[in-house]
There are 2 protein chains.
Amino acid sequence: MPESRPHPAPPRKRAPRGTLDRVRVLLAATAIMAEEGTEAVTIRRIADELDVRPMALYTYFRSKDEVLAGIYTRLLAEIDLPVADEGPDGIRAVMHAYYELLIEHAALARIHLAADHYGQGDLRVSEKLHGFLLARGLDDRAATELVATLVRFTIGSALLRPLPNLPEEDPQAWRNSQRDTQVVSASDRSPSPAPGTGLPDFTGDEFFEHGLDLILAGVPPRK
Amino acid sequence: MPESRPHPAPPRKRAPRGTLDRVRVLLAATAIMAEEGTEAVTIRRIADELDVRPMALYTYFRSKDEVLAGIYTRLLAEIDLPVADEGPDGIRAVMHAYYELLIEHAALARIHLAADHYGQGDLRVSEKLHGFLLARGLDDRAATELVATLVRFTIGSALLRPLPNLPEEDPQAWRNSQRDTQVVSASDRSPSPAPGTGLPDFTGDEFFEHGLDLILAGVPPRK
DNA sequence: ACCTGAACACCGTTCAAGT
DNA sequence: ACCTGAACACCGTTCAAGT
């Protein structure tokens with residue numbers, strides 16, 4: 001009778017029936033992301049964390065993408081938006097909360113914005129802004145347009161926060177792209193921006209602030 | 001003498017020494033992208049196209065990422081920017097050229113903006129705008145801020161062009177995220193935007209136009 | 001210097017099968 | 001309904017070796 005074989009690798013016992021649900025999966029995934037970064041979040045890694053086989057997750061999510069969307073939506077649902085348009089400026093408070101979330105979870109935000117399923121969370125921000133603007137006297141159409149502009153500007157700002165690479169940073173790479181685009185066409189091609197010239201030293205965050213000023217310039221203050 | 005064996009799969013002959021260079025790789029990659037989509041662009045697929053083994057590409061590019069950056073930079077270098085601020089509005093012409101490129105190559109743009117190596121091409125757009133604004137009488141600082149805002153807004157607009165998914169489109173998915181974010185915290189959580197309400201029927205392109213109007217409102221016309 | 005062979009260390013996902 | 005085993009069809013990239 002072959003009892004008690006030495007150490008034949010403890011055969012992981014089958015997970016009981018109720019171990020999983022959507023939220024548990026999202027919590028595990030979020031934990032992995034926080035500790036090991038966004039690219040460590042894989043179906044297989046999440047399954048490991050939950051002591052389950054990879055395929056088990058597919059009972060609750062159609063794809064890895066849906067998992068990432070879930071994480072993002074939860075993060076957005078968690079941010080504190082001001083209840084009313086109060087303090088120095090409720091609009092700017094909302095914008096800052098949104099911007100800072102995108103910055104803090106930059107890697108996830110990039111993946112998520114690159115895919116096409118923002119929605120839930122972003123709409124919460126939009127509706128909040130819309131309400132504040134109506135209360136300040138804008139009509140529905142004007143409010144809608146302004147909100148759309150603010151959201152688009154904020155997303156662009158978050159993506160560009162690590163400012164465009166200038167030649168000093170990687171001269172080799174810079175020269176490479178110069179050559180790559182050399183003979184594209186013989187027409188008027190402005191000879192690549194002069195290295196030292198151009199942008200004064202603004203940070204990405206400063207650009208965000210100035211852009212807000214600009215876009216909100218015509219908006220009446222709260223009453 | 002074992003001559004002329006039937007059909008032992010023609011052993012692909014070794015590629016001669018000069019077959020590759022950066023531009024040839026980029027052209028092949030661009031062709032694949034045009035015909036089979038962005039996700040078909042892999043190191044292995046490009047190598048196939050060039051009748052070369054995958055590793056050969058690494059003599060010219062450090063990574064797949066660098067290849068994609070190269071494609072993007074070439075595309076941006078190819079767009080026709082107005083030479084001078086003429087026609088009804090040179091600024092808007094530049095913005096439209098930029099926006100349309102991002103839309104036309106949406107998949108690539110998303111990947112590229114998600115990574116951190118815009119630079120070359122985007123700077124060409126920025127410098128052009130900057131010049132036009134100086135000619136209209138703005139000082140350097142004001143021009144820089146306005147350009148930064150325009151670029152960020154345009155990038156956000158391109159990413160959001162396929163508008164946020166509304167509940168009608170995939171009710172199941174919508175309900176799922178509702179439940180996912182249910183118990184996040186007990187505090188004041190606005191009860192998810194009312195489905196039918198909200199945005200009038202604007203298209204992504206219309207939002208872009210209105211945003212441009214808004215941001216450019218205070219800019220003096222060209223002289 | 002430039003190109004190749006083979007392998008490493010992974011992926012997400014399908015399919016069929018267990019419970 | 002929910003969880004698993006095994007396999008499919010890929011990836012990008014490293015390392016060592018040829019020419």
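Both backbone and side-chain heavy atoms feed into the values below; hydrogens, waters and symmetry mates do not. Residue numbers begin at 1 in each chain, while the letters A, B, ... track the order of the sequences.
Across B/S157 and A/R152, no two heavy atoms sit closer than the pair OG-CD, 3.4 Å. Nearest approach of A/V83 to A/K128, heavy atoms of both residues: O-NZ, 3.4 Å. Heavy-atom minimum distance, B/Y99 versus B/D205: OH-OD1, 2.7 Å. Pairing each heavy atom of A/P82 with each of A/G90, the nearest pair is CG-O, 4.1 Å. Taking all atoms of both residues into account, the shortest heavy-atom contact from A/L212 to A/F153 is N-CE2, 3.8 Å.
Nucleotides D/dA9 and C/dA9 have their P atoms positioned 23 Å apart, rounded to a whole Å. Look at the C1' atom in both C/dC8 and D/dC11: the space between them is 12 Å, to the nearest Å.
A/A15 meets the side-chain contact (heavy atoms from CB on, under 4.5 Å) test with A/T19, A/V52; sequence neighbours excluded.
Phosphate contact (OP1/OP2 of D/dC3, side-chain N/O of A/T19, threshold under 4.0 Å): present. Regarding contacts with the backbone of D/dG5, a side-chain N or O of A/R53 is found under 4.0 angstrom from either OP1 or OP2.
Scanning atom types as modelled, one donor and one acceptor separated by under 3.5 angstrom connect the side chain of B/R14 and the base of C/dC3.
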Practice item. Take B/Y60 and A/N176 through the side chain to side chain donor-acceptor pair (under 3.5 Å) test and state the conclusion after the steps. Key: CA-CA 10 Å; B/Y60 304 93; A/N176 277 341; over 6 Å; no
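Residue contacts for A/F61: at a heavy-atom cut-off of 4.0 Å it reaches no nucleic acid atom on any strand shown.
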Study note, to complete from the structure: Each base of DNA chain C marked ( ) or [ ] if paired in-strand (Watson-Crick or G-U under 3.5 Å), | if paired to another strand and . if unpaired gives ||.|||||...|||||.||
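For B/A56, whose side chain is taken as the heavy atoms from C-beta onward, the closest listed nucleotide among C/dT4, D/dC2, D/dT4 is C/dT4.
Using cut-offs of 30° and 60° for the angle between ring planes, the B/H96 and B/F208 rings count as perpendicular.
Per the geometry, CD belonging to B/E39 stands 16 Å off C1' belonging to C/dC11, to the nearest Å. Nucleotide D/dT4 holds its C1' atom 17 Å from the NZ atom of A/K13, rounded to whole Å.
Ion pairing of A/R24 with A/E49 is absent here, as no side-chain N (NZ or NE/NH1/NH2) approaches a carboxylate O to less than 4.0 Å.
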Show me the protein contacts with nucleotides 12-14 of chain D, counting only N or O atoms at under 3.5 Å.
from: D/dG12; atom 1: OP1; to: B/I43; atom 2: N; distance (Å): 3.4
from: D/dG12; atom 1: OP1; to: B/K64; atom 2: NZ; distance (Å): 3.3
from: D/dG12; atom 1: OP2; to: B/I43; atom 2: N; distance (Å): 3.3
from: D/dG12; atom 1: N7; to: B/R44; atom 2: NH1; distance (Å): 2.3
from: D/dG12; atom 1: O6; to: B/R44; atom 2: NH1; distance (Å): 3.4
from: D/dT13; atom 1: OP2; to: B/Y58; atom 2: OH; distance (Å): 2.7
from: D/dT13; atom 1: OP2; to: B/K64; atom 2: N; distance (Å): 3.0
from: D/dT13; atom 1: O5'; to: B/Y58; atom 2: OH; distance (Å): 3.4

